[in-house]
Amino acid sequence: MPFEKKGDYEVGYGKAPRHTRFAKGQSGNPRGRPSGAKNFTTLLSEALNEPVIVTEHGGRRKVSKRQAIVTQLVNRSATADLRAIKILLDLVRDIEERTEPASTETSAFSEADEKVLEQLRARFSVKESKQ
């Protein structure tokens, strides 16, 4: 018999013997990632949000590194730096693709789809009329 009976508790698939289970509060991977460890995205975001002092129009002010990078990229693009222009246009295109709703042409059903939908409508209308 594949199951071993111990009192009223059955041992089997998904039901390990009680003496081999992890104790309450004990991790299955005690030397794993420490709590509070940050992933790459979090580290990058924190670094980009750090403040830096910039001088603009004779005045000094604090801005985030993220804002300073974007300002420099736009300013270099305005001075006809081809690499900066390419990077900026790629970023703008990516942002626009994410924010644009799907066009009606791509979301419209094809003729085959319309036929299938019509058959389903007919099938469901027959079932409803019988009830």
Side-chain angles (χ1 to χ4, degrees):
M1 187 158 152
F3 294 108
E4 178 184 320
K5 282 273 195 184
K6 287 193 177 180
D8 63 347
Y9 178 71
E10 223 176 64
V11 175
Y13 180 77
K15 294 182 178 182
R18 290 198 173 138
H19 71 278
T20 63
R21 293 182 187 178
F22 292 118
K24 210 167 202 171
Q26 176 186 359
S27 169
N29 186 8
R31 296 184 62 196
R33 180 174 59 101
S35 62
K38 298 176 181 174
N39 63 16
F40 178 75
T41 306
T42 305
L43 292 172
L44 180 63
S45 183
E46 285 180 358
L48 287 172
N49 289 331
E50 289 176 0
V52 64
I53 298 172
V54 296
T55 306
E56 284 184 333
H57 309 295
R60 294 168 50 138
R61 66 186 189 115
K62 274 188 181 180
V63 296
S64 67
K65 288 180 182 178
R66 181 186 315 258
Q67 188 175 350
I69 290 169
V70 170
T71 303
Q72 279 188 332
L73 180 63
V74 171
N75 289 342
R76 284 190 180 176
S77 297
T79 61
D81 181 347
L82 294 178
R83 282 183 62 209
I85 291 171
K86 182 181 179 341
I87 292 169
L88 182 64
L89 290 176
D90 288 345
L91 286 171
V92 170
R93 187 184 65 238
D94 288 345
I95 290 169
E96 287 176 352
E97 284 176 0
R98 274 190 253 142
T99 58
E100 278 183 13
S103 68
T104 55
E105 295 172 4
T106 59
S107 63
F109 295 116
S110 69
E111 273 188 57
D113 294 334
E114 288 293 342
K115 287 181 182 177
V116 170
L117 286 172
E118 192 58 42
Q119 290 172 353
L120 287 172
R121 285 186 196 114
R123 186 179 299 171
F124 284 121
S125 65
V126 169
K127 283 185 181 179
E128 288 176 5
S129 64
K130 288 183 180 179
Q131 291 177 354

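Only this structure's heavy atoms are used, side chains among them; waters, hydrogens and symmetry mates stay out. Positions are given from 1 along the sequence.
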Is [Y] reachable from [X] through a run of I, L, V, M, F, W or Y residues, each pair having side-chain heavy atoms under 4.5 Å apart?
{"X": "Ile87", "Y": "Ile85", "value": "no"}
{"X": "Ile69", "Y": "Leu91", "value": "no"}
{"X": "Phe40", "Y": "Leu48", "value": "yes"}

Is there a donor-acceptor pair closer than 3.5 Å between any side-chain N or O of Ser77 and the backbone N or O of Leu73?
yes
Using a 4.5 Å side-chain heavy-atom cut-off and chaining through intermediate ILVMFWY residues, the residues clustered with Val63 come out as Val52, Val54
Holding to salt bridge (charged side-chain N to carboxylate O under 4.0 Å, His left out), I want the full list of residues that pass it with Glu111, two or more places apart in sequence or in another chain.
none
Does Asn39 have any side chain to side chain donor-acceptor pair (under 3.5 Å) partners at least two apart in sequence or in another chain, and if so, which?
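Per chain and number, Asn39 pairs via side chain to side chain donor-acceptor pair (under 3.5 Å) with Thr42.
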Arg21 to Ala16 - nearest heavy-atom pair and separation
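Of all heavy-atom pairs spanning Arg21 and Ala16, the closest is NE-O, 3.3 Å.
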So which pairs with a foot in residues 83-97 pass side chain to side chain donor-acceptor pair (under 3.5 Å), sequence neighbours left out?
Lys86-Asp90, Asp90-Arg93
Does any pair with a residue in residues 47-57 pass salt bridge (Lys or Arg N to Asp or Glu O under 4.0 Å), and if so which ones, sequence neighbours excluded?
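Applying salt bridge (Lys or Arg N to Asp or Glu O under 4.0 Å) to every pair that reaches into residues 47-57, excluding sequence neighbours, yields Glu50-Lys65, Glu56-Arg61.
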Does anything in residues 36-46 form a salt bridge (Lys or Arg N to Asp or Glu O under 4.0 Å)? List the pairs, not counting sequence neighbours.
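Pairs touching residues 36-46 that pass the test: Lys38-Glu46.
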Rounded distance (nearest 0.5 Å) linking atom CZ of Arg76 with atom OG1 of Thr71:
12.5 Å
Please report the interatomic distance CG(Asn75) to CG(Asp81), rounded to the nearest 0.5 Å.
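If we round to the nearest 0.5 Å, Asn75:CG and Asp81:CG are 11.5 Å apart.
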Check this for me, if you would: do Glu118 and Arg121 make a salt bridge, where the nitrogen-to-carboxylate-oxygen distance has to be below 4.0 angstrom?
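Here Glu118 pairs with Arg121 in a salt bridge, since their nearest N and O are under 4.0 Å apart.
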